[in-house]
Engineer: 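Below is the structure I would like to discuss, written out as structure tokens.
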Amino acid sequence: MARRPVIAGNWKMHNLQADAIALTNGLMAELKAEDKAALPEVVIAPTFTALYAANKALTDCGCGKVKLAAQNCYFETKGAFTGECSVEMLKDAGCEYIIIGHSERREYFGETDEMVNKKAKAILANGLIPIICCGESLEQREAGVTDYHIASQITKALIGLTAEEVAKSIIAYEPIWAIGTGKTCDSIEANRVIAMIRNTVKGLYDANTADAIRILYGGSVKPETIKEQMAQSDIDGALVGGASLKADSFAQIVKGAM
Ligand code: 13P
């Protein structure tokens, strides 16, 4: 089965509303000449405070080439959870995807596999798509436990999801040592880990589900690295941090995935 590539930009904690509008409009200008059907699924993930501005810029453009994601959510529907946003609220703000389990959220904000699983369930129950992140630290890689750790993160993230839900979901493999360091994981190795993740999904579900789920690579993806990454058998796209903060570099990565 041909899987449609996904290029997602995680803006992290960057961009005021005016910056978000400028970047969104800049990206759309860069993609203006491209045929929508030939583009990968293009997703941007601004901070909560810039979602409205980015969504308005996307809606005003009306080209439908770029979709909106949030960088986090809470799994409860409503209530006394100061500082949190429900999936329904993010859907209301225009989001179609939500990133969960990013290593920065796991490391600095105590996000556990159990929370990732609850968030995945809440996102899918609202008809949105989770982008489930996983990845090993340098210590884990050097200790030879990369595959064990990643398979465990994914197995726990998917507990209780149906095959249909998993087939719609997106996984992002982001080795922690490659994030924001400029040290991209070797494409052959990234593909090996991603194929291992796909095989894990096959073991938990079936071959069709494993064949359908999109699995992205993230960690210092740049315009110069994307073609080689996309040429691999199992890499279905990229989750981009730093290089998504400039319209031209992100657009080059998008075009590199066509
Ligand atoms: P960089 O592309 O800046 O390494 O960030 C990757 C990432 O964490 C995306 O979620």
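Indexing begins at 1, ligand by ligand and atom by atom, following the structure's order. Since we're looking at a predicted model, the values are computed, not measured.
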Engineer: With the criterion set at N/O pairs under 3.5 Å, what does the list of contacts between the protein and ligand 1 look like, atom names and distances included?
Structural biologist:
{"unit_1": "ligand 1", "atom_1": "2 (O)", "unit_2": "Ser220", "atom_2": "N", "d": "3.4"}
{"unit_1": "ligand 1", "atom_1": "2 (O)", "unit_2": "Gly241", "atom_2": "N", "d": "2.9"}
{"unit_1": "ligand 1", "atom_1": "3 (O)", "unit_2": "Gly242", "atom_2": "N", "d": "2.8"}
{"unit_1": "ligand 1", "atom_1": "4 (O)", "unit_2": "Gly180", "atom_2": "N", "d": "2.6"}
{"unit_1": "ligand 1", "atom_1": "4 (O)", "unit_2": "Ser220", "atom_2": "N", "d": "2.7"}
{"unit_1": "ligand 1", "atom_1": "5 (O)", "unit_2": "Lys12", "atom_2": "NZ", "d": "3.3"}
{"unit_1": "ligand 1", "atom_1": "8 (O)", "unit_2": "Lys12", "atom_2": "NZ", "d": "2.8"}
{"unit_1": "ligand 1", "atom_1": "8 (O)", "unit_2": "His102", "atom_2": "NE2", "d": "2.8"}
{"unit_1": "ligand 1", "atom_1": "8 (O)", "unit_2": "Glu174", "atom_2": "OE1", "d": "3.4"}
{"unit_1": "ligand 1", "atom_1": "10 (O)", "unit_2": "Asn10", "atom_2": "ND2", "d": "3.0"}
{"unit_1": "ligand 1", "atom_1": "10 (O)", "unit_2": "His102", "atom_2": "NE2", "d": "2.9"}
{"unit_1": "ligand 1", "atom_1": "10 (O)", "unit_2": "Glu174", "atom_2": "OE1", "d": "3.1"}
{"unit_1": "ligand 1", "atom_1": "10 (O)", "unit_2": "Glu174", "atom_2": "OE2", "d": "3.0"}

Engineer: Return all side-chain donor-acceptor pairs below 3.5 angstrom for residues 162-172, not counting sequence neighbours, or 'none' if the list is empty.
Structural biologist:
{"unit_1": "Thr162", "atom_1": "OG1", "unit_2": "Glu165", "atom_2": "N", "d": "3.1"}
{"unit_1": "Glu165", "atom_1": "OE1", "unit_2": "Thr162", "atom_2": "N", "d": "3.0"}
{"unit_1": "Ser169", "atom_1": "OG", "unit_2": "Glu165", "atom_2": "O", "d": "2.8"}

Engineer: Identify each donor-acceptor pair in which a side-chain atom of residues 145-152 lies under 3.5 Å from a protein atom, sequence neighbours left out, and give them as a table.
Structural biologist:
{"unit_1": "Asp147", "atom_1": "OD1", "unit_2": "Arg192", "atom_2": "NH2", "d": "3.0"}
{"unit_1": "Asp147", "atom_1": "OD2", "unit_2": "Arg192", "atom_2": "NH1", "d": "2.8"}
{"unit_1": "His149", "atom_1": "ND1", "unit_2": "Gln140", "atom_2": "NE2", "d": "3.3"}
{"unit_1": "His149", "atom_1": "NE2", "unit_2": "Gly135", "atom_2": "O", "d": "3.3"}
{"unit_1": "His149", "atom_1": "NE2", "unit_2": "Gln153", "atom_2": "NE2", "d": "3.2"}
{"unit_1": "Ser152", "atom_1": "OG", "unit_2": "Lys156", "atom_2": "NZ", "d": "3.4"}

Engineer: I'd like to know if Tyr173 and Leu158 are part of one continuous hydrophobic network [Ile/Leu/Val/Met/Phe/Trp/Tyr, side-chain heavy atoms within less than 4.5 Å].
Structural biologist: yes

Engineer: Who pairs with Glu114 by salt bridge (Lys or Arg N to Asp or Glu O under 4.0 Å), at least two apart in sequence or on another chain?
Structural biologist: Lys118

Engineer: Got a salt bridge between Glu111 and Arg106, using NZ or NE/NH1/NH2 to carboxylate O under 4.0 Å?
Structural biologist: no

Engineer: Which heavy-atom pair separates Gln71 from Arg105 by the least distance, and what is that distance?
Structural biologist: O-CD, 4.1 Å

